[in-house]
2 protein chains.
Amino acid sequence: MPRAGLDRAAVVELALAVVDDGGPTGFTDLTLAAVAARAGVAVPSLYKHVAGLPALRREVALVCVVDFVHTLEVVRERHGGADMLPAMAHATRDLARRSPGRYQAVQGTSWVRDPDAGAVQQAGAQAVAELSTAVAALGVPDERRIDAVRAFRAATHGFVVLELEGGFGMPDDVDESFDFLVAGLVGGLERLSVR
Amino acid sequence: MPRAGLDRAAVVELALAVVDDGGPTGFTDLTLAAVAARAGVAVPSLYKHVAGLPALRREVALVCVVDFVHTLEVVRERHGGADMLPAMAHATRDLARRSPGRYQAVQGTSWVRDPDAGAVQQAGAQAVAELSTAVAALGVPDERRIDAVRAFRAATHGFVVLELEGGFGMPDDVDESFDFLVAGLVGGLERLSVR
DNA sequence: CGCATTGGCTAATGGCATTAGCTTTTAGTC
DNA sequence: GACTAAAAGCTAATGCCATTAGCCAATGCG
């Protein structure tokens, strides 16, 4: 019997494929059994490469968060000043729609209180830092910086979650609703800087 | 052996207790085994009263959503005009903090695409209707009503989710951040009505 | 060519949901 | 008050998943 030739990276890659194929619940539904099936290998063999399901989840999440941060970085480099934050909002929603499972991996579970998820936490902090930069570019005063970042994260994350779950009953143009939300948010934050 | 004297309602009640004791993940962690243990009964016995775990989850969710709607109704009756929407925002967050598991039951899973969750969907629609009333009370024009409700839901839900998951790293006053968010939201929506 | 490493396997255990089928309580009726 | 049928509990069995232990064969290095 020839070997499958797996390694840690290959397993994570296959797990990402499982997540991507699983739609909005892809990350929740990520299972060692599914990865093993995809690899053409028995389940216990995976333990030669990853420490277990929670560890695999962390690895997957790390990839997704790093990707997300990179996306935000690109946005920052391309957009100066006031259009940076809206661009980040749209980039976030785009990612969530293109790869709902990966978005779930980024935001879904509470890595925050997981002592083994240091790398994920660090990457998450980077993402927040990018947002903070964008908020600052709007002219929001320093003492409101944290509040503004929280408001931005809450609004975009909430919207995306509701959209992915199908929480917006009627099909009235969701794109328009998102533009409305972002415009209101940016408007509100800009007004802070004027005073 | 004396009987336990269960019935459908009692099982749901016990399930709610499990959810309440489980913190933010109480609903996800709801298990027939946990309910059975609490009832002092073997797991299969529960099937005499509920159709299975998914059905029990639906029942639990229904109770939680109905409670939530009732909370919003009370808010509507007590507050007129412009302070109705902020009051609903705070009521939502209060509920989420007091009973994170129940909040998860309300918003967590996608009942929307579950053909057996008609009752939950109806109750959910009622909740949205209450929010719509509150938005209207702010003077938002009709053609922006849906967008405004969506923005409100996104902002509050997103905030609450991030808070519950511990997503707000630093402990900088979260109450203040929430007030900031709500104030910005209400301000933005009020401004719509002026034009 | 030999051999250690390593990647795969099967088998076993334990948690969970679910189904089937049995027994005993319980409540209703004569 | 006794008889019976429904209801409520039980145990046993199945299946899916993760995890651990221990075995065997492929691979690569000297």
Side-chain angles (χ1 to χ4, degrees), chain A residues 1-19 21-23 25-61 101 104-105 108-111 114-117, chain B residues 1-19 21-23 25-61 101 104-105 108-111 114-117:
Chain A
M1 323 145 181
R3 286 200 181 172
L6 290 180
D7 63 5
R8 187 190 201 74
V11 171
V12 172
E13 205 56 43
L14 288 168
L16 282 166
V18 171
V19 168
D21 286 0
T25 62
F27 187 69
T28 310
D29 297 348
L30 174 61
T31 192
L32 288 185
V35 175
R38 218 169 256 260
V41 127
V43 176
S45 306
L46 297 177
Y47 284 79
K48 290 287 154 85
H49 308 293
V50 294
L53 183 58
L56 179 58
R57 292 199 124 96
R58 270 193 305 267
E59 306 254 23
V60 167
Q104 200 195 359
T109 321
S110 52
W111 306 113
D114 180 344
D116 296 329
Chain B
M1 322 146 185
R3 285 200 183 173
L6 290 179
D7 64 5
R8 188 189 198 76
V11 171
V12 172
E13 204 58 41
L14 288 168
L16 282 166
V18 171
V19 169
D21 285 0
T25 62
F27 187 69
T28 311
D29 296 347
L30 176 60
T31 192
L32 287 185
V35 175
R38 219 170 256 260
V41 128
V43 175
S45 305
L46 297 177
Y47 284 79
K48 288 289 152 82
H49 308 292
V50 294
L53 184 58
L56 179 58
R57 290 198 126 94
R58 270 192 306 266
E59 305 255 24
V60 167
Q104 201 195 359
T109 321
S110 54
W111 306 113
D114 180 346
D116 296 330

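Numbers restart at 1 for each chain; the letters A, B, ... are given by sequence-line order, proteins then strands. Values below: every heavy atom of this structure, side chains too, minus hydrogens, waters and symmetry copies.
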Please enumerate all protein N or O atoms sitting under 3.5 Å from an N or O of nucleotides 4-7 of chain C, with distances to 0.1 Å.
from	atom 1	to	atom 2	distance (Å)
C:dT6	O2	A:R3	NH2	3.1
C:dG7	O4'	A:R3	NH1	2.7
C:dG7	N7	A:K48	NZ	3.3

* Find the distance B:L46:CG to D:dA8:P and express it as a whole number of Å. => 13 Å
* Could you tell me the separation between the CZ atom of B:R8 and the CG atom of B:L56, rounded to the nearest 0.5 Å? => 9.5 Å
* Asked: What residues form a side chain to side chain contact (heavy atoms under 4.5 Å, CB included) with A:T28, not counting sequence neighbours?
  -> A:Q104
* With sequence neighbours left out, what residues match B:A55 under side chain to side chain contact (heavy atoms under 4.5 Å, CB included)? -> B:A51, B:R58
* To do: Kindly indicate whether the side chain of B:V35, heavy atoms from C-beta on, has any atom under 4.5 Å from the side chain of B:V50.
  => no
* Asked: Is there a side-chain contact between A:V60 and A:L30 (heavy atoms, below 4.5 Å)?
  -> yes
* Asked: Listed by chain and number, what are the side chain to side chain contact (heavy atoms under 4.5 Å, CB included) partners of A:A17, not counting sequence neighbours?
  -> A:R38
* **Pairing residues for A:D7 by the salt bridge (charged side-chain N to carboxylate O under 4.0 Å, His left out) criterion, not counting sequence neighbours** => none
* Asked: Under 4.5 Å between any side-chain heavy atoms of A:L53 and A:T31, yes or no?
  -> no
* With the sugar-phosphate defined as primed atoms, P, OP1 and OP2, and the base as all remaining atoms, what B/S/- string results for nucleotides 14-21 of chain D, 5' to 3', for protein heavy atoms under 4.0 Å? -> ---SSBB-
